[in-house]
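My questions all concern the structure below.
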Amino acid sequence: MTDSQSARARSAGDKRRRLMSAAAEVVHRQGVERTTIADIARAAGVPTGNVYYYFKTKDDLVAAALAEHTGQLERITAELDRLPDPRERLKALVRGWVEQRDLAARYGCPTGTLAAELGKRSADGGLDAEAGKVIRLLLEWVEGQFRELGLPDPDGLALTLVGAYQGMSLLTNALRDPDVTVREGARLTAWLDSL
């Protein structure tokens with residue numbers, strides 16, 4: 001590969017990454033139905049016509065947004081895995097949710113709101129199922145932490161914690177009150193300490 005071919009390949013990869021990141025951000029802020037390909041192109045700093053080189057349809061961009069959410073979740077959990085204690089990992093996860101309280105107040109949970117919207121749109125096992133896979137990844141990671149702690153019913157505890165997060169995100173958004181996340185985050189941390 002020549003230097004110019006290599007530079008073009010890097011540029012193409014960079015545009016694709018920018019489009020994926022922009023898709024995740026714009027879809028979170030506006031929802032799937034209100035988001036246009038032009039909105040995502042503008043947020044990514046890519047000419048609208050160039051988007052079709054990377055993503056043929058809006059659904060392809062929504063799938064890219066879900067892939068971006070998956071990547072973000074994998075980066076977060078990899079960072080948390082560096083902590084030596086599973087209880088501290090879970091508490092750090094909760095702290096991360098609390099740190100995102102202003103974003104949750106305005107737009108809700110990125111993956112939860114997207115899963116709810118896609119679930120209403122179709123039940124064909126397509127994008128709605130992909131959104132569910134992102135949430136399943138979080139559940140499995142949380143379950144692994146409870147399992148490592150040696151607690152009974154780790155999958156039930158994971159459902160409780162992730163369900164509490166989804167609930168507090170929904171209420172924080174519906175009430176436009178970041179303090180809901182602060183209060184519920186403190187309650188979840190105390191619950192984790194009590195186990």
Side-chain angles (χ1 to χ4, degrees), residues 13-14 16-29 62-116 118 128-195:
D14 179 56
R16 183 176 178 75
R17 283 187 294 280
R18 288 192 342 248
L19 285 164
M20 289 177 70
S21 179
E25 181 183 322
V26 175
V27 167
H28 181 211
R29 285 195 329 254
V62 173
L66 287 165
E68 184 69 17
H69 290 310
T70 298
Q72 289 171 358
L73 178 59
E74 289 171 344
R75 287 186 292 278
I76 289 166
T77 55
E79 184 68 27
L80 292 172
D81 282 338
R82 296 172 65 189
L83 296 171
D85 179 63
R87 187 179 322 268
E88 290 308 311
R89 291 180 210 136
L90 292 168
K91 289 166 56 176
L93 178 66
V94 172
R95 280 193 303 277
W97 293 338
V98 171
E99 288 169 4
Q100 297 295 312
R101 64 189 173 276
D102 292 327
L103 194 61
R106 185 69 181 107
Y107 305 113
C109 165
T111 308
T113 55
L114 184 54
L118 292 172
D128 55 331
E130 289 303 310
K133 287 179 185 178
V134 180
I135 293 173
R136 173 69 57 198
L137 272 174
L138 177 60
L139 280 167
E140 289 170 354
W141 183 85
V142 170
E143 180 182 338
Q145 306 315 302
F146 285 123
R147 182 167 278 108
E148 193 174 331
L149 283 167
L151 294 171
D153 193 25
D155 57 331
L157 292 171
L159 280 171
T160 298
L161 183 62
V162 174
Y165 164 59
Q166 289 300 323
M168 76 183 187
S169 292
L170 174 73
L171 290 171
T172 295
N173 178 246
L175 301 173
R176 296 291 197 259
D177 183 0
D179 288 337
V180 170
T181 294
V182 173
R183 289 191 310 271
E184 291 307 302
R187 191 182 325 274
L188 287 174
T189 299
W191 174 69
L192 289 167
D193 281 334
S194 75
L195 295 175

For a quick test of your reading: what N or O donor-acceptor pairs under 3.5 Å do the side chains of residues 131-142 make, sequence neighbours left out?
from : atom 1 : to   : atom 2 : distance (Å)
K133 : NZ     : E130 : OE2    : 3.0
W141 : NE1    : D81  : OD1    : 2.9

Side chain to side chain donor-acceptor pair (under 3.5 Å) pairs, two or more places apart, involving residues 176-186: T172-T181, E184-R187

Sidechain N-carboxylate O distance under 4.0 Å for R29, E25: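 Between E25 and R29 there is a salt bridge, with a charged N closer than 4.0 Å to a carboxylate O.
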
R101 and V98: CA distance, side-chain angles, deciding distance, side-chain contact (heavy atoms from CB on, under 4.5 Å) verdict: CA-CA 5 Å; R101 64 189 173 276; V98 171; 3.8 Å; yes

Those residues that, when tested against E99, pass salt bridge (charged side-chain N to carboxylate O under 4.0 Å, His left out) (two or more places apart): none

Distance-minimising heavy-atom pair for A24 and E68: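 It is CB-CG, 3.7 Å.
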
Straight-line distance of M20 CE to H69 NE2, nearest 0.5 Å: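 NE2 of H69 is found 10.5 Å from CE of M20.
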
Stepwise side-chain contact (heavy atoms from CB on, under 4.5 Å) test for L149 and L157: CA-CA 11 Å; L149 283 167; L157 292 171; over 6 Å; no

Heavy-atom closest pair, residues G112 and C109: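 For G112 versus C109, the nearest heavy atoms are N-SG, 3.2 Å.
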
Distance in Å, S21 OG paired with Q72 CD, rounded so as to fall on 0.5 Å steps: 7.0 Å

Heavy atoms of other groups near R82 CZ, more than 12 under 6.0 Å: no

Salt-bridge present (D14, R18; N to O < 4.0 Å):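 Counted as a salt bridge, because a side-chain N and a carboxylate O are separated by less than 4.0 Å.
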
Partners meeting side chain to side chain contact (heavy atoms under 4.5 Å, CB included) with A164 (sequence neighbours left out): L188

Aromatic plane relationship, W97 with Y165 - under 30° parallel, 30 to 60° tilted, over 60° perpendicular: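 Parallel, since the angle between the ring planes stays under 30°.
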
Sequence-distant partners of E143, side chain to side chain donor-acceptor pair (under 3.5 Å), two or more places apart: R147

G108 backbone acceptor or donor facing H28 side chain under 3.5 Å: yes

Show me the donor-acceptor pairs, under 3.5 Å and distance only, between side chains in residues 85-94 and residues at least two apart or in other chains.
from : atom 1 : to   : atom 2 : distance (Å)
D85  : OD2    : R87  : N      : 3.2
D85  : OD2    : E88  : N      : 3.1
R87  : NH1    : L192 : O      : 2.6
R87  : NH1    : L195 : O      : 3.0
R87  : NH2    : L195 : O      : 3.4
E88  : OE2    : K91  : NZ     : 3.3
R89  : NE     : L83  : O      : 2.9
R89  : NH1    : Q145 : OE1    : 2.7
R89  : NH1    : E148 : OE1    : 3.0
R89  : NH2    : L83  : O      : 3.2
R89  : NH2    : P84  : O      : 3.3
K91  : NZ     : D193 : OD1    : 2.9

